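Below is one structure; the comments refer to it alone.
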Amino acid sequence: EDDNTHHDEL
Amino acid sequence: MNIFRLLGDICHLVAIIVLLLKIWKTRSCAGISGKSQILFALVYTTRYVDLFFTYVSLYNSVMKVIFLASSYATLYLIYVKFKATYDFNHDTFRIEFLLIPCVILSLLITHDYSPVELLWTFSIYLEAVAILPQLFMVSKTGEAETITSHYLFALGAYRALYIVNWIYRYYTESFIDGIAVVAGIIQTILYADFFYLYITKVLKGKDFKLPA
């Protein structure tokens, strides 16, 4: 899965 | 997590707390743009909708709650508690000219068309320009209280540190998010003029006044 759709930054 | 992002988040937290303290201690929101604060509350609301169903870390969830709570508390102080001190004559930036382009752009350039992702993208674009009403207000009044200039410096420094974080992550994790990086660079550039004035004036103990 495109890791951009999991945002780990605030 | 890396030191640059941690320092960035701390700067962000300091900015929000400095603003809240300024309004609470002086019991006045003179010189503060309520419109920018509305935009920031909207940024956090649209970005942190995943607060309840995506768990990244305790730190991430706690900070999201703090940012959400403090931005709405600031709105309450400006528009309810210290409404009489709100300088609406100088806070006249038309925020629809920011909101509409951000909505359009987030539909044109986004990683994914899921609702949460579209809201995230919108919040990234909006955050880049959310400070404009405040900078516009400072340019109209020609000055800012020293405490307000510290708030702006911390807020500008937060995203500048995030740029360093993205460079660091690119080289250490080969992670890069083009949308966040481009918006973050634009956001930081908007502070450039302010940074110059802050460093040449406020740090020398002078008042923050724009050259007439």
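Below, chains carry the letters A, B, ... as their sequence lines are ordered, and counting in each starts from 1. Only a predicted model underlies this, so the values are computations on that prediction, with no experimental measurement involved.
- Both the backbone and the side chain of B/Asn60 come within less than 4.5 Å of a heavy atom of chain A.
- Atom CD of A/Glu9 sits about 9.5 Å away from atom CZ of B/Arg47, to the nearest 0.5 Å.
- Distance check: B/Tyr44 OH to A/Leu10 CG gives 9.5 Å after rounding to the nearest 0.5 Å.
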What pairs of donor and acceptor atoms, side-chain ones from residues 92-101 of chain B against any protein atom, are under 3.5 angstrom apart with sequence neighbours left out?
unit_1, atom_1, unit_2, atom_2, d
B/Thr92, OG1, B/Lys140, NZ, 3.2
B/Arg94, NE, B/Glu96, OE2, 2.7
B/Arg94, NH2, B/Glu96, OE2, 2.9

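- Heavy-atom contacts from other residues, nucleotides or ligands closer than 6.0 Å to OH of B/Tyr171 number 12 or fewer.
- B/Tyr113 OH: more than 12 foreign heavy atoms inside a 6.0 Å radius.
- Counting heavy-atom neighbours within 6.0 Å of B/Tyr196 OH, excluding the residue itself, gives a total of 12 or less.
- The 12-atom threshold is exceeded at OH of B/Tyr59, counting heavy atoms of other residues, nucleotides or ligands nearer than 6.0 Å.
- Considering every non-hydrogen atom in both A/His7 and B/Asp177, the closest pair reads CE1-OD2, 3.8 Å.
- Enclosure of atom OH in B/Tyr168 is not indicated, since only 12 or fewer non-hydrogen atoms of other residues, nucleotides or ligands lie within 6.0 angstrom.
- Interface residue B/Tyr48: only side-chain heavy atoms are found under 4.5 Å from chain A.
- Chosen from B/Lys64, B/Met1, B/Arg5, the residue pairing most often with chain A at heavy-atom distances under 4.5 Å is B/Arg5.
- Most heavy-atom pairs under 4.5 Å with chain A: of the set B/Val116, B/Val56, B/Thr110, B/Thr121, this distinction falls to B/Val56.
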